[in-house]
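Here is the structure we will look at.
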Amino acid sequence: MSEVKRPMINDALRLLRLYLGLSQKQIATELELSQSMVSEIESGTKSVSMEVLERYSSKLHVRMSQLLFFAEELEGEPIKTRGKLIIASRVLSLLETLSPREIADAT
């Protein structure tokens with residue numbers, strides 16, 4: 001039996017939600033979709049329509065082209081590496097927040 005690959009756009013939308021720290025219920029409310037619809041999209045059992053992409057784009061202030069480019073960049077990356085994208089950004093943000101603004105502050 002061959003393994004069915006999930007479209008990368010589905011993974012990209014899931015990773016974006018996780019990066020933003022939103023639950024499926026929260027993003028479903030924001031996008032005016034049902035939680036089950038978000039779950040089906042993220043699991044790859046439901047295709048992503050242009051309307052849904054437009055909702056993500058509009059509500060999350062991310063251009064559709066950026067969503068598609070992000071999805072394309074995920075192609076072929078192992079799941080472990082994709083998860084690192086979320087963690088790396090969060091760590092950098094935390095380090096930036098914690099870093100002293102001037103060298104004098106560090107001493």
Side-chain angles (χ1 to χ4, degrees):
M1 180 186 286
S2 66
E3 184 179 321
V4 177
K5 287 180 63 177
R6 274 195 320 213
M8 290 295 107
I9 190 64
N10 299 62
D11 277 342
L13 296 176
R14 179 179 58 82
L15 287 172
L16 178 61
R17 174 183 62 79
L18 292 172
Y19 174 75
L20 295 172
L22 300 172
S23 68
Q24 285 185 344
K25 184 175 183 171
Q26 290 169 317
I27 201 156
T29 301
E30 186 70 27
L31 300 174
E32 299 176 4
L33 298 171
S34 68
Q35 182 179 352
S36 62
M37 175 71 142
V38 170
S39 177
E40 290 172 347
I41 287 171
E42 290 184 0
S43 69
T45 57
K46 189 81 88 188
S47 295
V48 180
S49 68
M50 289 302 288
E51 179 187 350
V52 168
L53 277 179
E54 288 172 353
R55 287 183 189 195
Y56 271 89
S57 175
S58 173
K59 297 290 185 175
L60 302 178
H61 308 289
V62 177
R63 291 193 315 259
M64 286 177 57
S65 60
Q66 290 173 313
L67 289 173
L68 295 171
F69 180 75
F70 180 51
E72 186 178 330
E73 288 298 308
L74 292 175
E75 185 70 42
E77 291 294 322
I79 292 171
K80 186 189 248 184
T81 303
R82 287 186 250 152
K84 288 180 183 177
L85 291 173
I86 296 170
I87 294 168
S89 297
R90 296 271 178 156
V91 168
L92 289 174
S93 177
L94 178 63
L95 288 174
E96 185 177 303
T97 303
L98 296 175
S99 69
R101 298 293 172 214
E102 294 185 25
I103 294 175
D105 293 342
T107 57

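Every value quoted in this text rests on a predicted model; they were computed, and no experiment measured them.
Looking at Ile27 and Leu16, their side chains never come closer than 4.5 Å, going by heavy atoms from C-beta outward. Side chains of Phe70 and Val62 form no contact here, defined as non-hydrogen atoms less than 4.5 Å apart.
For the residue pair Leu67 and Ile9, the shortest heavy atom distance occurs at O-CD1, 3.8 Å. In terms of heavy-atom proximity, Gln35 sits nearest to Lys25 at OE1-CB, 3.7 Å. Of all the heavy atoms in Leu13 and Glu42, the pair that sits closest is O-OE2, 4.3 Å. Minimum heavy-atom separation, Arg17 to Leu22: NH1-O, 2.9 Å.
Cluster annotation: Phe69 and Leu60 are assigned to distinct hydrophobic clusters (Ile/Leu/Val/Met/Phe/Trp/Tyr, side-chain heavy-atom contacts under 4.5 Å, transitive).
For the atom pair Met37 CE and Thr45 OG1, the distance stands at 9.5 Å (nearest 0.5 Å). Here the straight-line distance linking atom OG of Ser49 with atom CD1 of Ile41 works out to 7.0 Å at 0.5 Å rounding. Remark: Ser65 OG to Glu72 CD distance equals 11.5 Å, nearest 0.5 Å. Distance check: Glu40 CD to Ser34 OG gives 7.0 Å after rounding to the nearest 0.5 Å. Note that CE of Met8 and CZ of Arg14 are 9.5 Å apart. Values are rounded to the nearest 0.5 Å. Between atom CG of residue Leu53 and atom CE of residue Met64 there is a gap of 5.0 Å, rounded to the nearest 0.5 Å.
Panel note: side chain Asp11, backbone Gly44; no donor-acceptor pair is recorded below 3.5 Å.
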